[in-house]
S.K.: 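One structure, as structure tokens, below. Some questions next.
Every chain is numbered from 1 and lettered A, B, ... according to where its sequence line falls, protein lines coming before strand lines.
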There are 2 protein chains.
Amino acid sequence: MFTASEHPLSPLLKKLGSLTRLSDRDEQAILHLPASPRVFAAGQDLVGEGDRPTRCWLIVEGWVQRYKVLDEGKRQISAFHVAGDMPDLQGLHLSVMDHNLGALTRVTALSVPHEALRELLLRIPELNAPFWRDTLVDAAIFREWVANVGRRPAYQRLAHLFCELYLKQVAVGLARDGRCPMPVTQVDLADATGLTSVHVNRTLRELRRDGLIELRGKRLEIPDWPRLVAAASFNPAYLHLASRPTA
Amino acid sequence: MFTASEHPLSPLLKKLGSLTRLSDRDEQAILHLPASPRVFAAGQDLVGEGDRPTRCWLIVEGWVQRYKVLDEGKRQISAFHVAGDMPDLQGLHLSVMDHNLGALTRVTALSVPHEALRELLLRIPELNAPFWRDTLVDAAIFREWVANVGRRPAYQRLAHLFCELYLKQVAVGLARDGRCPMPVTQVDLADATGLTSVHVNRTLRELRRDGLIELRGKRLEIPDWPRLVAAASFNPAYLHLASRPTA
DNA sequence: CGATATGTTGACATAGATCAAAGTATGTGG
DNA sequence: CCACATACTTTGATCTATGTCAACATATCG
């Protein structure tokens, strides 16, 4: 019998249990999933477009980007994932990958066989809800990104992205006090916001000039959260976080 | 005992069964879901941001748009839905709506209580997969829209949207021979592509001029599908349709 | 310590936005 | 079935946010 806090799968529990409390039996069942660790170097893909994966990755450490490559080398990032996320959980029910998952930093991840997950979900049907829900939150974030990229000007667009990434990290205990890791390049920010890296550079300067962000050494600092939120017209509802922060 | 073909829930079966074949027992269980019909006038919302729905809608006829309203009346559409879709299935596990679902045309829909769906999914755990999968395909489409809006120029962007909407309708038997309903205004197209209605108008003219589309009377005609696909660099993989068309 | 990736800056180009007005459908009530 | 109101489409003139190209500066890392 594992104690939840020290187990490598424990970040997953924290996330899944954030809305509906998991029973002890459920927690134990999840902790007993077979999982083998692997390290990816920055720049490596965990899964690529066209693959037919037979397992899911649970991120234990590092950042993962979800991206598509289009015509003439254009690239669009559609999500950033951090520790506790299972970015390819969808592979459980969609047989072919329609995009790539790449390591932005060095990444440690646990691989969980689809087999084992499927068996677990049939054996304990109540567990479908929290896993399914996790993919629904990802979808909600995609919707917000469509709006962000489609309708917000560059300044607001970047501010909005920073709000999201900060809150996502707060939710899993990776950030607090207006500071968090932000291991992305300006090219990555451009590919996430549908802008050019040159324009990102200039817009970042304006955000700094206005005292909304500090960004150096792969860390983000937000001196005045309410002002950043206002500048982005950020409404966190789409993240579907527990209204009350998790212990 | 119902025969699947004549039942009002039968479009749902067609969709859910498109990948994994449903057993007779499963089909019957779905057909016995309680469902009450309702008609929405064009322009009405089926569900609004902030709502806490207690049921899902299954579209029987008409088109539904999924949209968010941002600053200064800006609007972003993130999906179009047609007969057979359950656009708010996510409500089953996300308690608060983070966007709106509105009727683009007059819409007939069936309301299915969450209660009944939850009970069904616990009783027949195998049914989680097809319903869950449906929400995953929606998510895959959102990802493609992020790329469409973020990185493709207007001409390609609109061409891409038309490819998607045509194929989606072919998949449920609403379109064939390069013709399909397209009951959207140029303002709607603008809000779906992150463009201006004026620019949509001009780009539409170019698409027409190049013989890629005809668009009148709320119907779309595609004279040369391969050429449209090429112009859009459209790859249908993200729709996760059965490779072989469903009977 | 040098190579390579990332960030910064300037000059210039353009896709797409904005504003404004005039056509053309479409639908409703009489 | 007409007439009028409203919604939608089209067009022109002009503007601007963002892109492109190119050079240089500064990190970062093996």
S.K.: To the nearest 0.5 angstrom, please state how far the CG atom of L189(B) sits from the CG atom of N201(B).
M.R.: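 Going from CG on L189(B) over to CG on N201(B), the span is 10.5 Å.
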S.K.: Is a donor from one side chain sitting under 3.5 angstrom from an acceptor on the other, for D138(B) and T135(B)?
M.R.: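 Short answer, no.
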S.K.: Please determine whether a side-chain nitrogen of the Lys or Arg among R66(A) and D88(A) lies less than 4.0 Å from a carboxylate oxygen of the Asp or Glu.
M.R.: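 A salt bridge is absent here (no side-chain N lies under 4.0 Å from a carboxylate O).
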S.K.: Taking CZ from R208(A) and C1' from dG7(C), how many angstroms apart are they, rounded to a whole number?
M.R.: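 Between C1' of dG7(C) and CZ of R208(A): 9 Å.
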S.K.: Can you name the residues that form a salt bridge (charged side-chain N to carboxylate O under 4.0 Å, His left out) with K15(B), not counting sequence neighbours?
M.R.: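 Result, salt bridge (charged side-chain N to carboxylate O under 4.0 Å, His left out) vs K15(B): D85(B), D134(B).
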S.K.: Can you list every ring-ring contact (aromatic ring centres under 6.0 Å, His included) pair that touches residues 173-199 of chain A, not counting sequence neighbours?
M.R.: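 Every candidate ring-ring contact (aromatic ring centres under 6.0 Å, His included) pair involving residues 173-199 of chain A fails, so no pair, neighbours aside, qualifies.
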S.K.: Roughly, in whole Å, what's the span from CD in E72(A) to P in dG19(D)?
M.R.: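 Answer to the nearest Å: 15 Å.
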S.K.: Could you check Y155(A) against G217(A) and say which one's nearest nucleotide on DNA chain D is further toward the 5' end?
M.R.: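 Here Y155(A) is the residue nearer the 5' end.
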S.K.: Name the nucleic acid region contacted by R152(B), choosing base, sugar-phosphate or nothing; use a 4.0 angstrom heavy-atom cut-off, strictly under.
M.R.: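 No contact at all - R152(B) keeps every heavy atom at 4.0 Å or more from the nucleic acid.
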S.K.: Should the pair R152(B)-E144(B) be classified as a salt bridge under the 4.0 Å nitrogen-to-oxygen rule?
M.R.: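 Yes.
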S.K.: Tell me the interatomic distance from K218(A), atom NZ, to dG7(C), atom C1', rounded to whole angstroms.
M.R.: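 About 10 Å, once rounded to whole Å.
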S.K.: Provide, to the nearest angstrom, the distance between the CZ atom belonging to R216(B) and the P atom belonging to dT10(D).
M.R.: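 Spelled out: CZ on R216(B) to P on dT10(D) is 12 Å.
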S.K.: Using whole Å, report how far CZ of R209(B) lies from C1' of dT10(D).
M.R.: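 After rounding, the reported distance stands at 16 Å.
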S.K.: Please give, in whole Å, the distance from dG19(D) C1' to K74(A) NZ?
M.R.: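 Those two atoms, NZ and C1', are 12 Å apart.
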S.K.: What integer distance in Å separates L189(B):CG from dC8(D):P?
M.R.: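 Atom-to-atom, L189(B) to dC8(D), this comes out as 12 Å.
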S.K.: Does R157(B) put a side-chain nitrogen or oxygen below 4.0 Å from OP1 or OP2 of dA15(C)?
M.R.: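 Checking R157(B) against dA15(C): no side-chain N or O falls below 4.0 Å of OP1 or OP2.
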S.K.: If you take any heavy atom closer than 4.0 Å to DNA chain C, which residues from residues 192-206 of chain A end up in contact?
M.R.: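 DNA chain C contact set from residues 192-206 of chain A: V198(A), N201(A), R202(A), R205(A).
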S.K.: Considering only side-chain heavy atoms of Q186(A), which listed nucleotide, dT9(D), dG7(C), dG16(C), is closest?
M.R.: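 Nearest nucleotide to the side chain: dG7(C).
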S.K.: Base, sugar-phosphate or nothing for R151(A)? Non-hydrogen atoms, less than 4.0 Å.
M.R.: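 The residue R151(A) makes no contact with any strand.
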S.K.: Can you check the L215(B) CG to dT9(D) P distance for me, whole Å?
M.R.: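 For the pair L215(B) CG and dT9(D) P, the rounded distance is 8 Å.
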S.K.: Is the closest basic N to carboxylate O distance between E221(B) and R219(B) below 4.0 Å?
M.R.: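 Salt bridge: no.
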